[in-house]
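Down below is the structure, laid out as structure tokens.
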Amino acid sequence: RRWFSVGFSRESAVAPCVTGPPDASCTADVDRRLSRPARRPSPSHGSAGRAWGSRTHRPAAHQRAPTSCRLRTKGSPMSIHALGYDAEWERLRLAHTPDTDGTPGRVAAALGFEALVEHDEGRTRALVPRRLRTHLVTGDWVVITRGGPNERAVVRLVLPRRTCLARKAPGRGSGEQPLVANVDRAVIVSALVGDFSLRRIERLLALIAPSGARPSILLTKAGQVPDPSERVEATARSTGLDDVAAVDVVDGMGLEHVAALDQAGTSVALVGSSGVGKTTLLNHLIGHGVGATAPVRAHDARGQHTTTRR
């Protein structure tokens with residue numbers, strides 16, 4: 001399975017990150033510094049059937065990154081099938097790379113000029129060619145190449161996406177900025193305490209609707225309100241969703257709804273503001289602390305952006 005945590009400031013969406021497998025050294029959430037506008041809009045995710053970095057998108061020879069590399073791995077190997085790789089992904093890979101020397105993997109973190117990629121042999125930091133840097137996001141399936149003993153891994157191409165959570169690109173244009181790709185479920189996380197807002201939940205639902213991911217809602221910190229069922233019913237009426245539940249992993253409330261997210265081969269994105277308990281949910285699901293947590297600010301009940309690593 002794969003867990004994503006997509007954070008949002010009160011004003012605008014910010015870029016997503018991804019946690020690793022249970023033993024991963026990389027944890028993820030969002031940093032409010034990422035909410036600054038991107039340098040330039042990235043390509044729209046609406047390019048179904050087209051693989052970025054394939055032969056139809058090859059740059060001039062002097063711009064190409066090396067195509068041979070030595071695969072440098074870190075961490076325990078994890079089957080890519082557990083991350084959601086199936087026969088259809090393999091068919092797409094072979095369609096865009098007739099030769100079989102590439103290694104398929106999934107982006108655990110897009111870090112600009114390099115990406116953390118998980119594959120059958122472990123976890124690799126692969127170089128990202130310039131032509132792909134504004135397109136690659138967490139969750140993408142990619143092909144990385146192997147080569148000589150003194151060369152680094154290189155992302156060769158990005159496979160077409162099945163789903164993509166995106167927001168409007170910065171600036172006056174009408175383009176979209178992809179945030180996270182290939183997720184099966186997008187779970188809106190909102191705290192029942194503090195500045196609980198149905199309008200914010202509706203805005204997040206509108207963001208998820210065109211992505212192709214199945215939406216659901218978890219209302220956290222249920223143990224801190226007298227009757228969480230009232231807000232659960234109000235949220236269900238406002239959004240039209242049946243999959244709405246109140247949970248509190250600290251007090252042990254509604255844990256069956258949290259456990260229902262744990263399905264093999266399923267990618268889940270947790271979407272919500274800082275301080276609503278996304279990292280607490282991840283720690284509970286994975287079974288140990290993948291990220292630090294801290295209380296919300298006393299004067300306005302907002303998060304302190306404790307988890308800032310990608």
- Task: Quick one: do V117 and R123 satisfy side chain to side chain contact (heavy atoms under 4.5 Å, CB included)? Show the steps, please.
- Result: CA-CA 6 Å; V117 180; R123 194 177 309 122; over 6 Å; no
- Intermediate values then yes/no, side chain to side chain contact (heavy atoms under 4.5 Å, CB included), S238 and R199: CA-CA 9 Å; S238 177; R199 302 290 83 80; 3.5 Å; yes
For the atom pair [atom1] ([X]) and [atom2] ([Y]), what is the distance rounded to the nearest 0.5 Å?
X	Y	atom1	atom2	answer
E90	R93	CD	CZ	4.0 Å
R156	L132	CZ	CG	12.0 Å
H96	L159	NE2	CG	6.5 Å
T124	I144	OG1	CD1	4.5 Å
T220	L192	OG1	CG	6.5 Å
D184	R214	CG	CZ	9.0 Å

Just wondering, do [Y] and [X] contact through their side chains at under 4.5 Å, heavy atoms?
X	Y	value
L204	I217	no
W141	N182	yes
E202	S197	no
L282	L270	yes
S174	K168	no
L165	I208	yes
V137	V180	no
F196	L219	yes

- Message: Pair T97, L157 - check side chain to side chain contact (heavy atoms under 4.5 Å, CB included), show working.
- Response: CA-CA 9 Å; T97 56; L157 64 88; 3.0 Å; yes
- Message: Using only atom types and a distance under 3.5 Å, with no angle test, would you say the side chain of D86 pairs donor to acceptor with the backbone of W89?
- Response: yes
- Any donor-acceptor N/O pair, R200 side chain to D195 backbone, under 3.5 Å: yes
Considering all heavy atoms, the nearest [X]-[Y] contact:
X	Y	answer
I80	H119	CG2-CA, 3.5 Å
R161	D140	NE-OD1, 2.7 Å
V154	P129	CG1-CG, 4.1 Å
D120	S79	OD1-CA, 3.3 Å
L218	L281	CD1-CD1, 4.2 Å
L241	A236	O-CB, 3.5 Å

- Across all chains, not counting sequence neighbours, the side-chain contact (heavy atoms from CB on, under 4.5 Å) partners of Q224 are V193, K221
- Message: Check R162 with E88, please: is the shortest side-chain N to carboxylate O separation under 4.0 Å?
- Response: no
- Would you kindly say whether S267 and R106 are connected by a side-chain donor-acceptor distance under 3.5 Å? yes
- Message: Can you confirm whether the side chains of D227 and S229 place a donor and an acceptor under 3.5 Å from each other?
- Response: yes
- Chi angles and distances behind the side chain to side chain contact (heavy atoms under 4.5 Å, CB included) call for V183, V268: CA-CA 6 Å; V183 294; V268 180; over 6 Å; no
Would you tabulate the side-chain donor-acceptor contacts of residues 243-258 under 3.5 Å, counting partners in other chains and residues two or more places apart, or write 'none'?
residue	atom	partner	partner atom	Å
D243	OD2	R185	NH2	3.1
D248	OD1	V250	N	3.1
D248	OD1	D251	N	3.1
D248	OD2	G223	N	2.9

